[in-house]
Amino acid sequence: KKRSTTSYTSPCVCIYLSTPHLYWFPEFEHPGYVKVMFHCGKKLWSVDDRDKKPSESETAVVSEFIRKHIPGLEDKPSLIESCLYTVSQDGYYIMDHLPGSRNIVIGAGFSGHGFKCSPVVGKILSALATDNPPEYHMKPFKFQRQFHQARL
């Protein structure tokens with residue numbers, strides 16, 4: 001069953017005023033649906049955990065969020081899926097050369113929100129890969145900020 005009786009379109013919207021943080025965007029894989037999800041999901045220790053269903057309290061939080069922030073959208077889930085993504089220790093991206101290897105560029109730890117910055121991320125990573133200085137201040141994204149004692 002579709003989430004709305006009418007055609008519903010929406011931009012990607014992130015709400016960081018709520019706890020937990022939730023966001024939504026049109027679900028292109030399932031036309032007519034809107035994907036509403038937690039940002040900062042549970043830590044998974046095994047990929048086998050991916051198919052576990054959310055608790056009733058988690059579903060209630062999402063339903064309340066929909067009623068409050070997305071009027072006109074059904075507040076009960078029609079489809080429940082989870083997704084896996086990497087999270088850096090501080091929640092910021094890692095975009096840098098691998099220390100000691102100018103020919104290896106790392107783009108990782110996008111913490112579930114790298115997709116919305118993909119144009120600039122691509123620009124930065126391509127600059128690094130072609131040995132050109134990025135047009136942006138890169139200190140917050142350095143590899144070593146995460147792994148001060150990294151053994152490579």
Side-chain angles (χ1 to χ4, degrees), residues 2-4 7-54 58-59 61-62 64-66 68-73 77-152:
K2 300 233 176 174
R3 297 257 224 167
S4 175
S7 176
Y8 190 90
T9 59
S10 171
C12 175
V13 178
C14 299
I15 303 287
Y16 289 106
L17 301 174
S18 64
T19 301
H21 303 311
L22 288 109
Y23 64 104
W24 76 90
F25 56 82
E27 180 54 67
F28 299 109
E29 185 179 352
H30 304 286
Y33 287 75
V34 175
K35 186 173 184 176
V36 180
M37 65 225 93
F38 290 102
H39 177 64
C40 302
K42 296 178 181 177
K43 289 185 178 182
L44 298 177
W45 298 105
S46 166
V47 233
D48 296 332
D49 294 336
R50 182 183 188 271
D51 294 326
K52 288 184 180 176
K53 298 296 180 202
E58 290 169 323
T59 302
V61 168
V62 172
E64 176 60 28
F65 175 84
I66 291 169
K68 184 175 181 181
H69 296 287
I70 319 174
L73 189 67
S78 300
L79 176 64
I80 297 176
E81 295 180 330
S82 60
C83 60
L84 300 176
Y85 55 86
T86 58
V87 179
S88 63
Q89 292 172 354
D90 61 6
Y92 293 105
Y93 310 161
I94 300 168
M95 296 185 291
D96 197 3
H97 289 99
L98 181 67
S101 301
R102 297 289 303 165
N103 63 334
I104 299 175
V105 173
I106 298 172
F110 292 100
S111 305
H113 56 268
F115 68 93
K116 66 184 174 234
C117 298
S118 57
V120 74
V121 166
K123 187 176 180 179
I124 289 169
L125 294 176
S126 68
L128 292 171
T130 56
D131 221 14
N132 292 301
E135 298 174 21
Y136 306 93
H137 177 67
M138 297 302 297
K139 186 174 181 180
F141 308 109
K142 292 290 187 185
F143 181 85
Q144 290 296 64
R145 78 172 201 287
Q146 286 285 308
F147 310 100
H148 301 289
Q149 311 261 332
R151 293 182 197 155
L152 305 173

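Remember, predicted model here, so these are calculated numbers, not experimental data. Here, residue 1 is the first one in the sequence, and each next residue gets the next number.
Here CG of Leu128 is found 7.5 Å from CZ of Arg102. Values are rounded to the nearest 0.5 Å. The distance from the NE2 atom of His30 to the NZ atom of Lys35 is 8.5 Å, given to the nearest 0.5 Å. With values rounded to the nearest 0.5 angstrom, Thr130 atom OG1 is found 10.5 Å from Leu125 atom CG. Distance CE/Met138 to CD1/Ile124: 4.5 Å, rounded to 0.5 Å. In this structure, His97 NE2 and Ile106 CD1 are separated by 10.0 Å, a value rounded to the nearest 0.5 Å. We find the CD1-CZ distance between Ile104 and Phe143 to be 10.5 Å, quoted to the nearest 0.5 Å.
Looking only at distances, a side-chain donor or acceptor of Arg145 sits under 3.5 Å from a matching main-chain atom of Pro140.
Using a 4.5 Å heavy-atom threshold, the side chains of Pro54 and Ile80 count as touching.
Contact record, Phe141 with Asp96: O-CB, 4.1 Å, taken as the closest heavy-atom pair.
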